[in-house]
Number of protein chains: 4
Amino acid sequence: MPKDNELTKQKLLAAAVEMFTENGYYDTKISDIVKKAGVAQGTFYLYFQTKESIFTSIIKETNERMIHQIDHIFADHVSPEMSEDELKQRLYETISGCMSLYREHKAIVYMMRIHGSSQFAEAQRVAAECDESLLSIIIKLFKKFHLFPEYDQFQYQVAASAINGMMNETCMQYVILRDATDEDISKISRVVTQMIYDMTVGKECKS
Amino acid sequence: MPKDNELTKQKLLAAAVEMFTENGYYDTKISDIVKKAGVAQGTFYLYFQTKESIFTSIIKETNERMIHQIDHIFADHVSPEMSEDELKQRLYETISGCMSLYREHKAIVYMMRIHGSSQFAEAQRVAAECDESLLSIIIKLFKKFHLFPEYDQFQYQVAASAINGMMNETCMQYVILRDATDEDISKISRVVTQMIYDMTVGKECKS
Amino acid sequence: MPKDNELTKQKLLAAAVEMFTENGYYDTKISDIVKKAGVAQGTFYLYFQTKESIFTSIIKETNERMIHQIDHIFADHVSPEMSEDELKQRLYETISGCMSLYREHKAIVYMMRIHGSSQFAEAQRVAAECDESLLSIIIKLFKKFHLFPEYDQFQYQVAASAINGMMNETCMQYVILRDATDEDISKISRVVTQMIYDMTVGKECKS
Amino acid sequence: MPKDNELTKQKLLAAAVEMFTENGYYDTKISDIVKKAGVAQGTFYLYFQTKESIFTSIIKETNERMIHQIDHIFADHVSPEMSEDELKQRLYETISGCMSLYREHKAIVYMMRIHGSSQFAEAQRVAAECDESLLSIIIKLFKKFHLFPEYDQFQYQVAASAINGMMNETCMQYVILRDATDEDISKISRVVTQMIYDMTVGKECKS
DNA sequence: GATGAATGAGACTTCATTCAT
DNA sequence: GATGAATGAAGTCTCATTCAT
């Protein structure tokens, strides 16, 4: 009957996230993890098969949760019938919602993006999957608003990638690498919202 | 200045770049590097003090060269007096020039961004320095064109970061991770140029 | 005398024999034994002090039973007064009885001879004791039949050892390592009987 | 240029044989071997890939040498045309030659038979190969002398196995486990020769 | 300058044994 | 008596670095 069982596993997971975040995958030793978790070396292997497996297990699980939450954030929040102001407001909510989500999983995102991106095929696959998910949402929005009507598939991809890059980079720089407050996130999101608005929907209204 | 045996050093550097790129820092052994370079194990230590030092020495040197080249690409190519079309053309040339530059140093950029970003403070410092350099160039341009007059320093930074993110992401996805041809780069640059134009200078012309 | 829970102990012993036989001493883990026995890890230590102790306890106990049975098989079955045919018949019965006995304890003999012979002083002692027992029986028979009258003690030992070797080897090869049927054992015993007869009693009749 | 190279390997092999012989495979640690060889732990892995590989490499190589030498010892030494005395003399020479050979490789035979027989498929295969080789030689001799004309293939095998067992057992008991002198080997071989003679060729002469 | 055998610290992992429940 | 999570000593193997030639 798993009683302390689950507790010990959680202690190990928390310790692992902390150590991986702080020192990266290779400079984190099992001995560091168990020391921080306050259990014996052997205990680690009751819950995880290898060092690699705890790493991928962490990022996989978090990633799934995040993709799910992202889907929810973007779901049907905007439509072409909305007024300019309402649109911007919704866009803003989506972007700041995304950033808050990343902040919530800050340590693991850090671990995944900064340390993990290169370590294993598995980690790379997970990161790519997350990107994929976002890209497809963005492209869907392009279509919904009939943006870039002259673009082919490749150009769509590039444009979506560019927008993804804007959000990723600002999110990384301010939310993950620095300690963005709620106000910071709000301010950042306003800037990014405006930029995205201007280069997409706003541009249409211009002429 | 062929001191020591400069040829041997170059062989080692080339082998190191290749192995680091292929397998990452931790999965590359000194024995792999010397084997590929065709020299003996001990020879490595005649030219480099440690494994870490060859890694950072590669990315530092390349980074300096790249920053210098980027400076050159951006230098005085655009000014507010230009016509819309000319501006776009210059912007396009700058962006595609940047992408070609990255492609030229593809292996090392890959190594730096994918494998190295997390390994050492040193590597992270170098990457940050490169970003810094680009950000300051972008901000300078904002000022030159009197863009975002209502923004404070923080918002400027965010906006610059966003633009940097656009370029970085598209560049990574298509130039570094996939094998972008000249045509690809041209097409990508057009898309990005248009987006940047729309969210900056173009927006001004609208009202 | 069902002390403790005798059933649990028997389950552990049976599981241990099976696992030791299949995988040898070192490649059998306590966890394998308890899993096969269907009890918890800690339960093992209620019945046995150490891994080594269950191993030696198995081979010791079986060995005692086997020595006792061998004594019984050989007891007074032959005498110099018998006719040639009767002698051969008795010899045959003894030998095939021995082989059947080994077959009956096949798993443990396998474990003792193949896996255990080298592991511990204790196991070696037990195996040696079994050999000793047989050798002394054989020498007693030599004396009873006034065989090898010119041999000294050492030569007696060697001759007995040789006969022991014949039986052991054929028994190992056909009964323990292969799956000898009743007919096989019968056939093997006939061959061995004839050989032993020819080199001992039979030889006397010749001149 | 392998100079100390080969010397170090030999030191490791000698140390390994000694330690394996003394303590068996599992109770010999790499650290024991390198300590005895007087080299560092890591040096071991310059010459052998794993602990298992040094073990099998030792027994395989020795085994090949021994099989070759055994073939030579048995080659055409006896023929049905010989006189009884000459035959016995040749048989004696063969058997004592065999025992001397085993004594020469005493440590490794010990390691192979006592410790190694069960450890790995590989070790078992090697031991079986050696037995096979001897059995086939013995059966060839049976045929050459038209012994046991009424025996089928199975009975031949059993008879050969029995003779193999005689030699193995006496050899193990006196040469490998005890320290048989030249005189001992001579005396043992006389006894075994006589027994084998009586149960094979001698038996024919009787009637 | 070049070599490559040797080094040894230290990592990951296993598993017999213990002990609180 | 039974459980099974926890322990930690100890083993195998790796690899950056050194150094005698």
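Predicted model only: the values in this text are computed from it and were never measured. Note on naming: letters A, B, ... go to the chains in the order of the sequence lines (proteins, then strands), and numbering restarts at 1 for each one.
In this entry the distance linking CD of B/Glu6 with C1' of E/dG1 reads 14 Å, nearest Å. Rounded to an integer number of Å, the gap from A/Asp32 CG to E/dG10 P is 13 Å. Between the NZ atom of C/Lys35 and the P atom of F/dA2 there is a distance of 20 Å, given to the nearest Å. In this structure, NZ of C/Lys9 is placed 12 Å from P of F/dG1, rounded to the nearest angstrom. Going from atom CG of A/Asp27 over to atom C1' of E/dC12 covers 15 Å, rounded to whole Å. A/Lys11 has its NZ atom 14 Å from the P atom of F/dA5, to the nearest Å.
Relative to the side chain of D/Tyr47, the nucleotides F/dT7, E/dA5, E/dT3 differ in distance, and E/dA5 lies closest.
Residues satisfying the salt bridge (charged side-chain N to carboxylate O under 4.0 Å, His left out) criterion with D/Asp131, sequence neighbours excluded, are D/Arg113. Every residue two or more places apart in sequence or in another chain that forms a side chain to side chain donor-acceptor pair (under 3.5 Å) with C/Lys36 is listed here: C/Glu18. Partners of C/Lys29 by side chain to side chain donor-acceptor pair (under 3.5 Å), not counting sequence neighbours: none found. Partners of B/Phe44 by ring-ring contact (aromatic ring centres under 6.0 Å, His included), not counting sequence neighbours, listed by chain and number: B/Phe48. Partners of C/Glu104 under the salt bridge (charged side-chain N to carboxylate O under 4.0 Å, His left out) rule, at least two apart in sequence or in another chain, do not exist in this structure.
Nearest heavy-atom pair across C/Asn23 and C/Thr28 is CB-OG1, 3.8 Å. Taking all atoms of both residues into account, the shortest heavy-atom contact from B/Val34 to B/Gln41 is CG2-OE1, 3.6 Å.
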Quick one: which protein N/O atoms are closer than 3.5 Å to N/O atoms of nucleotides 14-18 of chain E? Pair and distance per line, please.
unit_1, atom_1, unit_2, atom_2, d
E/dA16, OP1, C/Lys51, NZ, 3.3
E/dA16, OP2, C/Ile30, N, 2.9
E/dT17, OP2, C/Tyr45, OH, 3.1
E/dT17, OP2, C/Lys51, N, 3.0
E/dT17, O4, C/Gln41, NE2, 3.3

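Applying the side chain to side chain donor-acceptor pair (under 3.5 Å) test to residues at least two apart or on different chains, the pairs with a partner in residues 7-16 of chain B are B/Asn5-B/Thr8, B/Glu6-B/Gln10. Residue pairs meeting the salt bridge (charged side-chain N to carboxylate O under 4.0 Å, His left out) criterion with at least one partner in residues 44-62 of chain C, sequence neighbours excluded, are C/Lys60-C/Glu122, C/Glu61-C/Arg65.
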In dot-bracket form, 5' to 3', how is DNA chain E paired? Count Watson-Crick and G-U wobble pairs only if both distances fall under 3.5 Å, and write | where the partner sits on another strand.
.||||||||||||||||||||

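For F/dG1, neither phosphate oxygen OP1 nor OP2 lies less than 4.0 angstrom from any side-chain nitrogen or oxygen of C/Thr8.
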